[in-house]
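Here's the structure, in structure tokens; my notes come after.
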Amino acid sequence: MFYFSEASIKHMENIEFDLKQVAYRALTLSKVDFGIPSTGGLRTEEQQKLLFSEDKTSVNGISNRSKHQANSNGKSEAIDVYAYVDGKASWDHYHLLQVATAFLQAANELGVKLKWGGLFHSYIDMPHFELLTGEWKWQG
Ligand SMILES: [Zn+2]
């Protein structure tokens, strides 16, 4: 049984409720522990711009807004994770795939429509999950 650290809980503070519920349920289902990095929840435009300049996201935050930026409720509709294996953070694809499996199962159980960044075509983003609003599109 895994538990979120105080830091991960704080990083999820301003994530949409449904998505947070999925994350908590996923942690009980996952065979691999995971956490939420400091930029894994709600981001300001400045934080998004910085990540874009570091080539860590495909979305510049201005002309193209990220689901991590505030929606009309002031919340993030996206969450990023890292796997936590052998006492350290891991972005190993197999570890992230196991976490993703738990997220998708949790979303299915809770009836939450979820989009996984590992299925994006333009920019594969395995640590990323977002609420599916509107139609599915094969784009990140
Ligand atoms: Zn993300």
Side-chain angles (χ1 to χ4, degrees):
M1 183 79 188
F2 304 126
Y3 298 94
F4 283 124
S5 67
E6 300 257 330
S8 287
I9 291 168
K10 189 173 186 319
H11 299 154
M12 282 189 287
E13 255 171 14
N14 292 305
I15 287 173
E16 276 290 354
F17 179 78
D18 284 358
L19 188 54
K20 206 187 289 188
Q21 294 297 102
V22 169
Y24 273 88
R25 179 65 183 143
L27 194 64
T28 70
L29 297 169
S30 183
K31 293 187 176 165
V32 170
D33 196 5
F34 64 88
I36 315 303
S38 59
T39 56
L42 184 67
R43 295 177 191 159
T44 63
E45 187 176 294
E46 286 66 38
Q47 287 171 319
Q48 187 65 32
K49 272 158 59 180
L50 182 63
L51 289 169
F52 183 72
S53 71
E54 293 169 344
D55 205 23
K56 290 179 178 164
T57 173
S58 62
V59 178
N60 66 22
I62 308 158
S63 57
N64 195 0
R65 283 173 61 81
S66 167
K67 292 271 188 178
H68 287 280
Q69 291 175 263
N71 65 10
S72 55
N73 301 322
K75 303 284 187 187
S76 171
E77 294 179 8
I79 188 171
D80 292 341
V81 303
Y82 57 86
Y84 191 73
V85 179
D86 295 333
K88 56 180 197 265
S90 165
W91 285 268
D92 176 273
H93 285 184
Y94 183 67
H95 295 147
L96 290 173
L97 180 61
Q98 289 187 299
V99 174
T101 302
F103 262 79
L104 294 171
Q105 186 180 339
N108 188 42
E109 282 182 13
L110 296 168
V112 174
K113 287 185 179 174
L114 193 71
K115 205 169 168 182
W116 176 38
L119 294 174
F120 290 171
H121 274 195
S122 52
Y123 183 96
I124 294 170
D125 192 359
M126 291 188 77
H128 174 100
F129 303 89
E130 65 184 48
L131 294 174
L132 174 57
T133 51
E135 271 178 59
W136 174 273
K137 286 190 191 130
W138 283 107
Q139 283 298 328

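We number each residue from 1, following the sequence as shown. Counting starts at 1 for both ligands and their atoms, following the listed order. Just so it is clear, the values below take in all heavy atoms, side chains as well, and ignore hydrogens, waters and symmetry mates. None of these values were measured; they are calculated from a predicted model.
- Vertex the Zn ion (ligand 1), arms ending at NE2 of His68 and ND1 of His128: the angle is 110° after rounding to 10 degrees.
- The Zn ion (ligand 1) has no N, O or S atom of Glu130 closer than 2.8 Å.
- Under 3.5 Å, the side chains of Thr39 and Gln47 contain no donor-acceptor pair of N or O atoms.
- Residues that satisfy the side-chain hydrogen bond (donor to acceptor under 3.5 Å, both in side chains) test with Asn60, not counting sequence neighbours, are Ser63.
- Remark: His11 engages no residue in a side-chain hydrogen bond (donor to acceptor under 3.5 Å, both in side chains) (not counting sequence neighbours).
- Shortest distance from the Zn ion (ligand 1) to Asp80 is reached at OD1 (N/O/S atoms only).
- Under the 4.0 Å criterion applied to side-chain N and carboxylate O atoms, Asp80 and Arg43 are assigned as salt-bridge partners.
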